[in-house]
Amino acid sequence: MRPMKRLHQHILAENINWDLIIIGGGATGLGTALDAASRGLKTLLVEQSDFAKGTSSRSTKLVHGGVRYLAQGDIALVRHALKERGLLQQNAKHLVDKEAFLIPCYNWFSVIKYLAGLTLYDWLSGKYSFGKSKYFSRKETLSIMPGIKEKSLKGSIRYYDGKFDDARLAINIAQTAIENGAVLLNYTKVTALIKSDGNVVTGIETEDVLTGEKAKHHGKVVINATGVFVDDILQMNNPNAKKLVRPSQGVHIVLDKSFLNSESALMIPKTSDGRVLFAVPWHEHLLVGTTDTPLDEHSLEPRALKEEVDFIMATATSYFKRKPLETDILSVFSGLRPLAAPTNNSGNNTKEISRDHKLMVSAKGLITITGGKWTTYRRMAEETVDLAISHAGLEAKACITENLKIHGTTNIKGDHHLDIFGSDRDRIEALIQENPNLAEKLHKDFPYTCAEVVWSARNEMAETVEDILSRRLRILFIDAQAAKDMAPKVASLLAQELSADQDWGTNQIETFNTLANGYIYHPIQINTGTALAH
């Protein structure tokens, strides 16, 4: 048995006439909850799984204006994103870092073209600039990035963008929303919309996924911020509603950092299918991706297709000095982008589907926000709350999130693994002082300790082994086998924190191992066109 403390969360949240009820605990939903609560609105958010379980924990880890969108001529989107990139770095300094990116050039025309384009990119960032682009000679390039392929290399263009930990930022935004008065419930699935006799949406019916407890919540406006699941909510309101989203799958692989042996990231500006690929140093490893594959279905745990992994490996091989092998893949994960579907529903080219967000009143009392990207989450949230205020006639203060610091942000940052917790680092270290046993490592090859597990259970609404190893400590996304090795210790610690019994812990380990097997690359078991399922 696991504890029943979640029932009290529901009892606390019931019988309140909320100003805003937000469905979806990804970047957009959490950002909307923070914006609404910081304006003084009574705000409830429900998430069917853990916060950032879906798309928002599976990004390429970039806070960026979008060099690719600049090449497509979408100047306005890039300018807005560059401003938001700067604001995010100011407000979450413990998680958002400036990162140097190198574009290797194997002919002189590329040098001219990319330097000109990135000079415009710098100019568009204005006062939020991360640094000026610059040309580096062949010798300088190889010094900065020894792992790059040398043959025919003319040099490189360096530009700056941002890098972050997406799931950690989501957790910190959730904490900031709570600190501003919002009520957030994870593992709470919406089972129906509540509607008045006049067909106005007035609330939601929910079920706690972990306890089975059911509840009803009433509000003046409901926000559908469920990413690739927006159509599911819209069909609760109208079974005949047209689909708004066309999922696009992005796959990433993780390798040892030695393949590039650089603190700079690699940007491959044009691949065999005309897309952009990144190789980004992340948590002492190398994250390589992504793909852009149109899908007709969505799920909480999408699986990479073999051809997607093959594409990433082949592209990396053509730019890396040392060829990565399939056995070098430490983790492979997939995320689904909620791209706004084309109105004619024809074609499979996701380049033709809008990368910008869509915001609309779907029905009286129901607002839908979809599309967009992590970097612009704050602006999307502001626009969503503005529309909610107007639609429902709410009284609220002006938006303040441009200068609102995210929980944990601090100006002090070093190379310690606990720095990702920002100002909470001191509190985690205090736990170890109180109980030195918590200094024990979860795995001999990683710095993470028992203290982080206890901290996340007590302060970050972690409910499962997956919550810890996937989104609080990110191990599953870095080294899936190492995550499996850590699972028993994490389960034991969580069971103690949650007052759960041995059967709960055993089930948690089995469930997590099944999940983690999907992140371990086993090409022999895969047929072309099928998913990496195990």
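Predicted, not measured: the structure shown is a model, and the values here were computed from it.
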Is NZ or CZ of Arg58 both nearer than 6.0 Å to the six-membered ring centre of Phe477 and within 45° of the ring axis?
-> no
Can we call the ring centroids of Tyr159 and Phe130 under 6.0 Å apart?
-> no
Side chain to side chain, Val63 and Glu84, heavy atoms closer than 4.5 Å = no
Residue pair Thr226 / Asp232, side-chain heavy-atom distance below 4.5 Å | no
Does Ala225 offer a backbone N or O that forms a donor-acceptor pair with the side chain of Thr28 under 3.5 Å?
-> no
Within the distance-only criterion (no hydrogens, no angle test), does the side chain of Ser57 pair as donor or acceptor with the backbone N or O of Gly54 below 3.5 angstrom?
-> yes
Thr176 side chain to Asn172 main-chain N or O, any donor-acceptor pair under 3.5 Å?
-> yes
Are Asp50 and Arg472 ion-paired here, with the side-chain N under 4.0 Å from a carboxylate O?
-> yes
Quick check: does any side chain N or O of Asp35 sit under 3.5 Å from a backbone N or O of Gly31, one acting as donor and the other as acceptor?
-> no
Answer yes or no: is there a donor N or O on one side and an acceptor on the other, between the side chain of Tyr121 and the main chain of Gly65, under 3.5 Å?
-> yes
Relative to Phe421, does Arg168 satisfy both conditions: NZ or CZ under 6.0 angstrom from the six-membered ring centre, and within 45 degrees of the ring's axis?
-> yes
Do His417 and Tyr448 make the cut of ring centroids closer than 6.0 angstrom?
-> yes
Kindly say whether Glu140 contributes a backbone atom to a donor-acceptor pair with the side chain of Ser137 at under 3.5 angstrom?
-> yes
Under the 3.5 angstrom rule, does the side chain of Ser264 hit a backbone N or O of Phe101 as a donor-acceptor pair?
-> no
In short, Ser56 meets Asp166 closest at the heavy-atom pair O-CB, 3.2 Å
Would you call Lys53 and Glu47 a salt bridge, taking side-chain N to carboxylate O under 4.0 Å as the test?
-> no
Relative to the ring of Trp108, is the ring of Tyr135 parallel (under 30°), tilted (30 to 60°) or perpendicular (over 60°)?
-> tilted
Could you tell me if the ring centre of Trp374 sits under 6.0 Å from that of Phe164?
-> yes
Return yes if some donor-acceptor pair links the side-chain N/O of Thr375 with the main-chain N/O of His64 below 3.5 Å, else return no.
-> yes
Does a side-chain N-to-carboxylate-O contact under 4.0 Å join Asp165 and Lys61?
-> no
Going by an N to O cut-off under 4.0 Å, is there a salt bridge joining Asp296 and Arg246?
-> yes
So does Glu460 pair up with Arg471, basic N to acidic O under 4.0 Å?
-> no
Looking only at atom types and distance, does a side-chain atom of Arg337 sit under 3.5 Å from a main-chain N or O of Pro247, one as donor and one as acceptor?
-> no
